[in-house]
Structures are given as C-alpha cells and as structure tokens.
Amino acid sequence: MTSGVSRAAPLLEKIALNPVQKEAVLYDQGPQLVFAGAGTGKTRVLTAKIAWLIRHKNVAPGRIFAATFTNKAAREMQRRVEDLADLPCAGLWIGTFHSLCARILRREALRLGFPPSFSIFDADDQLACVKKVAKALSLDERTMPPRLVLSAISRYKNACVPPAGLAGTGKSFFESEIIRAYGAYQESLRAQQAMDFDDLLSNCVYLLRDNPNVLQKYQSSFSHVLVDEYQDTNTAQLHLVKLLGAAHGNVFVVGDDDQSIYAWRGAQVENILTFEKAFPGTKTFTMEQNYRSTGPVLSFANAAIEPNTMRAKKRLWTGRQGGASVAVIRYRDDRHESESVCDAVNKCVQEGVRPSDIAVLFRTNAQSRLFEDSMRKRRIPYVLVGGTSFYERREIKDCLAYLRLCVNPKDDISCQRIVNVPPRGMGDKARERLEVRSRELGKSLLQTILDDPETAGYGRGQKGLLELRDIFALLADLIAQQESPHELLTQMLSLTDYLTMFEGEDSEEAQSRIDNVSELVNAVSFWTEENPGKGLSDFLEEISLAADIDRWEQKADSVNLMTLHCAKGLEFGRVFIVGCEDGILPSRQNFDDSAKIEEERRLFYVGITRAMDGLAVSHADQRWRFGSCIPQTPSRFLAAIPRELYEYVDKSGVFAGEERKAPKARLREPAAESQEPAYRHEDFSQETVQFRMGQHVQHKLYGRGKIVNLSGFGDDMRIIVLFNDGARRKMMAKFADLETS
DNA sequence: CCATCACCACTTTTT
DNA sequence: GTGGTGATGG
C-alpha cells in the first residue's frame, strides 16, 4: 500500500482529493459503495478511480465497464480519465447502460435469434407497435389505452420478467389482457428484428443469465464494474451489475438516494439502500462536504429535503464563506414570471456572469415556451435542452424511417410510417390490403412491396406502391455499392421528392421543416466525416440512444433552459427554479401517493443543489393551462422551509414600469467570490448578442443561410453557418460581416 | 376511396 | 397549443 501511494503521487497531484475521496479511490478490496451528496465531488472520484486503475493498477482500459447516466457524461469522463492517466483509453467500455448493452447485444445478437443489425425502437415506435398489436388483439382502446399498456409492459421488462412465465397468472381481466398484449408485442418486435429501449437491458440480462459461456466470457473480460448515479438504476441494471461483477467483486457504485428521481421509469432507490446486502463485504464511503454551493443555498437545500422520510440521514456542509441569500419570488402570473426572470438574467449578465453559467429550470417542458419568448424579445441567446428534440420531429423521423428500412427491411413500423409519405395514394384501405397481403405471404411490409406490388386490390395506391418499390430497389443498389450514409440520404430525398411536399406551401412551418431536413443532411455528412469506417446502422444507433442532453454544448454562450430532470449532474453559477406551485412541482398527478410526493421533493432538491452562487425560486398566482387561466398556490415544498432561510419578495402587486419600487432583487454576486472566469464586460454588447442558434443571416458572397452553431463570445465568437447552397462555413463572428434579417 | 378540415381530449419527467 | 379522430367533399 505504501509503495502504491508513492506511485500514486503523479496522478494524485493532478487532482485534488479530500481524505474520504482519496480513500475511495485507493481502496481495492472488493465492492464499494460511495454515498455522494450533491456537489461532493462524485464525478471527480469516479474519474480518479478509473484513471488510477489504468495508470497504477495496470488494468487495461478494455477491462473496465463503466456505466454513466448520459452519453455526454461518458464522453466527458473518458476525456478526463485520459487526461489524468495521461494515456489514450480508447478501449474503455464507458457509456449509458443502454449503449453498453447495445454494444454487447450487437456482438451476441445471433444467440438471441436477432441479426446484429437489429433495429432499436424509440418511444414513438414502441407506441405505434403497441397500437398495432392492440388492434390485432382487438383490445378496447378506452379501457386499455396504449400508453398504459406500454408502461405496464415496460415495468415487466425493467423487472426482467419475460412474457413466457406470465401466461395465466393475471389476477384480473385487465392484467390478463396486458399479459396477452405483452406476449404479442414481443413477438411483433422479434418479427421486425427490433428491440426497444427496455429490451436492450432485459435481453442483455437474459443473454448472460441463460448462456453460461457468454457470461463467463464477459465476466472474465471485465475486471472492474463501475456505476454512476446508482440510485437511478432499475432491477435489470442491478442484475447486470451482479452478473458482471459476481466473479471478481470489483464493483464500485456512486450515488445519492436524495437525488433519486426516476422511480417512475422503474428505478429502485432500494438498489443503493441495500447495496451491502446484494454485495456482501461492501465497504461504504460517505461524502458530505459540498464544494459547489454557498452556505445559504446549501441550508435551503438541506431544509427542502428534510421532510422526506425514506432516506439515509445525512447533512451536507460547505466550507464556502458568505453568499447571497436564496430569493423566493411571487409573481402575478406566468407571463410576469418569465419576463421578470429574463430581466434578472439580463442583470446577471450585466454584472459579468456568463450566460452559460445561468440556468432556468422547470418541471415540465411546456413551461419553456414563455421563457423562450421572453429571451428572444431581449435578444438573450439561449439553448433549450429537451422538448421535442431534433430527432423526434416528424420530418426527421420520416427520413430516418427510410434509412432504417435500408438497414432492416423487416421494420414494419418504419414502413408503415412512410408508405404514404410523401402522399402517394395509399389510404387506409390500401394499407390494410397491404398488411393482409404481407400476412398471407409471411413477409414484412417492405418485402411484400418489393416482391408483390401488383396483386389487385390496392386501388389508387397501386401506382404509389410501384414507385416505392423502385425507390427501394435503387436504394438497395446504393447500399450494395457501400455508399455513405450521406449519399443514401440525399439520394432518398431526391428519389422520393420529399421536400416538394413542403415547398408547395409557403408557411413558416414548412420552411422550418425544410431547414430541419437540410440540417439532417448536414449532420449525416458531418458524422460520416467524423466516423470513417462506420456505417449507416452505427449512425442510426447513435441517434436513437442519444439523449437531448448529449447534444447540449455549454460552450455556446447561451442561457440554459431545461427541465429539472435534465439538470441532474450539472451545475450553474445562477439558477432560477420557476413554476414552484402545487400541481406543477409537485405535479398534480403525483398528489395521491406519498412516495411520489417524496420523489417530487427530491426533484426540487436536485434543482436547488445545481446552484453554485445564486438561487431564485419563483411561483405565480395564476397560470395559463389548458387554455384558461388557473389560480395557483405556492408549492407545499416552499411552505416547509423555515422562513429565515430565504428572502421573500412579493412582486404580485407590481406592474410593468414599477419594478424599481419592488424589493431589491437578490442574486447579487457575493463580493468575496467574484472569481468568475475572465469575462470582459464590454464584450457583451448588442453586437455579440445579435447572433443566436437558428438565426437566418445574409452574407454578401454566400447569400442567405442559417446559424447552426455558436461558440465563444466577444471577439472570439465563432459561428457555423449553413448556407442555402448547402455549404457549411465556419467563421469568426467579428469578421463575418453578416446581415441579420 | 382518399385528402382536407374542423373538433376533441390530453400533456410529467426520459434512456 | 396539438395530435389523433371523425365528418365531408372531391
């Protein structure tokens, strides 16, 4: 051990660790549980641990299996590990459970009766598939809404309960019907050679559980298993950790039960609370020193989480001195809230806070709209994380469906999506006919179209079907010639005349759809360049497993708008938590259940603990929902926090133009802490702010285009503009000489 | 038989 | 504000 420590020196010098953190990194006697409160350096420990293993324990990167919560976190961690260990770590198995499982499943697919190129179904596809199955089983839509059926199926899968053993075990008509649907749904997926998100985990568990030689292969292949955000793991993930870690016991998990916010999708806090039982001989480390937040923010956080009963008692503390008090602000209505918050954001920026260090957090995506409006009005650059993400837009999903069919012709859900897009005369009747025919032939929809488009009965759809057959025949040729994903996409667009569908109408909506498609073309060609040697199916997998947060780049100097869920694991200088009202936070749908209320409280806690220097929490007296104005009451969570822990500012009686009479806004930079990275004040002029993502610009030489990327600020701001001629040009904002329209 | 328009119930959070 | 569904017109 002594020699270990001295050899540790180079690495430990590069990263400051407190005694508990250091102990956790150096310990090597089996299972480890690290209870890491918010802001206590969880990521730091995990990163140092991996680097330590590689650099000083001579563990090959390929023998480390590390599960993070997002792909973005994985990328960042890999970068930091490489930096710390001073070695490239290309072989490291690091990623979300879903992408790690996908990686294993692609290799072993044949053992499960899937081709390695199996499709991955996202939430939309899942729902479409459930609907299809429900129709085939003639389930009543009223009593068995597809969403409900899907979530029940998801629960079974998260618990690793396959449909086989369930037949006849239903305790009610409802349950029996669900079980029936579950079986049929799985069959449908298999026929389409597809797995949904949940399958990635559960199939991986079945694979390891039922194939001793495969299990042995992966058990001996990985010598260490590490898991971040362990409080948000579900039963399937627990099984995986057990299966992979059982042989050597080198299991290292980090988490915080107070930040468990995913029980609704099957996560079990019990996993972290009973870790020691699952892994006998576990050594537990507890980190309670918070390095992130000021005293007032931390006291507020501690008080906020205090009422929860189902938690391991702990209390965070900070060595940071001073700090502005937390502000709780009351507004008249939601509009007033968004306008005032944006004013406050502006003020922060004028004080020298970088926009990217500011976040506005809300409970539901629907709340973002007002803030976007208010930000735009003030020309404050912002990034919205989440909402309907780029890859979920209709036009994008259409394009991807074509590409997916190229990779997997059995993907009926994708085929169904595009048979009549763009419209080619395939109505309900013709589609039904096609489906019957495909069942008769025992072939997939696309295969039926390719083999047998002439059978009578398609009516007006006949012509369209022949078109479709030719399109896919041509695309198949391109695939055979190993054409790049980029080539396939552009060919597909021209073969189908996809864009003319929108070119006819002159709405802003149609224009934005066209823009989105050309952005997809760009993304594909960019990806093709970045990933030489990888194919279309790799691209599609990456897209379906990417979360919104994965595409988020904080460096674009913009204010961040996101849901509380999205904010997990991040930190910001100034945080605004908005819409803190009963019915929103906590959500009305969780009123009935105390366990769910506790989860909502943890969500609130997660939001609070994102803040480093300043926190403002707001609520409004009334809010537009369902198209009418509804009176709101402040969140019960606020009521439970002692009054002396925050400054209450009532702006509900203040009208526009009178803001100055209102009590002084809080969120002032504490004098002692103004160590913000150098930020030249004069740089944040209108000139800098004039550019934002998605903005249309005009260039003397290149013509009209759209900003697709922003980075840096002031004189250093760089932008990437996608011009209408299809070219993508990087330029310095300072010299670009663009006209904004 | 298909496409378009008007109207309806629903929106929590996401890998 | 929207998306899925139902009536009507082409």
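Quick note on labels: first sequence line is chain A, next is B, and so on, each numbered from 1.
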**Study point:** Contact residues, residues 586-605 of chain A to DNA chain B [heavy atom, < 4.0 Å]
**Key:**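 The answer is A:S587, A:Q589, A:N590, A:E600.
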Check your understanding: Residues from residues 256-266 of chain A sitting under 4.0 Å of DNA chain B, heavy atoms only?
Key ->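 The stretch gives A:Y262, A:W264, A:R265 as the residues lying under 4.0 Å from the strand, ordered by number.
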Check your understanding: To the nearest Å, how far apart are A:N420 CG and B:dC2 P?
Key ->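 Between P of B:dC2 and CG of A:N420: 9 Å.
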Point to revise | A:R417 CZ - C:dG3 P separation (whole Å) | key: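 One finds 11 Å between P of C:dG3 and CZ of A:R417, rounded.
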Exercise for review: Start with the C-alpha gap between A:F69 and A:Y262, add the side-chain angles, then the distance that decides, and say whether ring-ring contact (aromatic ring centres under 6.0 Å, His included) holds.
Suggested key: CA-CA 11 Å; A:F69 202 69; A:Y262 283 99; 5.2 Å; yes
Check your understanding: Pairs in or reaching into residues 121-131 of chain A: which pass salt bridge (charged side-chain N to carboxylate O under 4.0 Å, His left out), with residues at least two apart or in two chains?
Key ->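 The answer is A:D122-A:K397, A:D124-A:K397, A:D125-A:K397, A:D125-A:R404.
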**Study point:** Partners passing salt bridge (Lys or Arg N to Asp or Glu O under 4.0 Å) against A:D333 (at least two apart in sequence or in another chain)
**Key:**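 For A:D333 there are no salt bridge (Lys or Arg N to Asp or Glu O under 4.0 Å) partners, ignoring immediate neighbours.
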Review point. For A:E432, which residues count as a salt bridge (Lys or Arg N to Asp or Glu O under 4.0 Å) partner, sequence neighbours excluded?
Key: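 Expected list: none.
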Exercise for review: Scan residues 192-208 of chain A for pairs that pass side chain to side chain donor-acceptor pair (under 3.5 Å), counting only residues two or more places apart or in two chains.
Suggested key: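 Qualifying pairs, neighbours excluded: A:S154-A:D198, A:K157-A:D196, A:K157-A:D199, A:Y185-A:D196, A:Q186-A:D199, A:S188-A:Q192.
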**Study point:** Which residues share a side chain to side chain donor-acceptor pair (under 3.5 Å) with A:R106, sequence neighbours left out
**Key:**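 Partners of A:R106 by the side chain to side chain donor-acceptor pair (under 3.5 Å) criterion, ordered by chain and then number, come out as A:E541.
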**Study point:** Listed partners of A:D228 passing side chain to side chain donor-acceptor pair (under 3.5 Å), at least two apart
**Key:**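 Side chain to side chain donor-acceptor pair (under 3.5 Å) list for A:D228, sorted by chain: A:K42.
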Review point. Under 6.0 Å from the six-membered ring centre of A:F591 and within 45° of its axis: does the NZ or CZ of A:R636 meet both?
Key: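 Flagged: A:R636 positioned over aromatic ring of A:F591.
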Could you go over nucleotides 8-10 of chain C and give all protein N or O partners under 3.5 Å, atom names and distances?
none

Review point. Any stems for DNA chain C, made of 3 or more Watson-Crick or G-U pairs in a row, each with both distances under 3.5 Å?
Key: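 When the pairs of DNA chain C are grouped into runs of at least three, the stems are B:1-9 with C:2-10.
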Check your understanding: A:F121: what forms a ring pair (Phe, Tyr, Trp, His ring centres under 6.0 Å) with it, not counting sequence neighbours?
Key ->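 With sequence neighbours excluded, A:F121 shows a ring pair (Phe, Tyr, Trp, His ring centres under 6.0 Å) to no residue whatsoever.
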Review point. Residues in ring pair (Phe, Tyr, Trp, His ring centres under 6.0 Å) with A:F65, at least two apart?
Key: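 A:F65 satisfies ring pair (Phe, Tyr, Trp, His ring centres under 6.0 Å) with A:F222 only.
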Review point. Start at the 5' end of DNA chain B and walk down; is the nucleotide closest to A:R363 or to A:H98 reached first?
Key: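 The residue mapped nearer the 5' terminus is A:R363.
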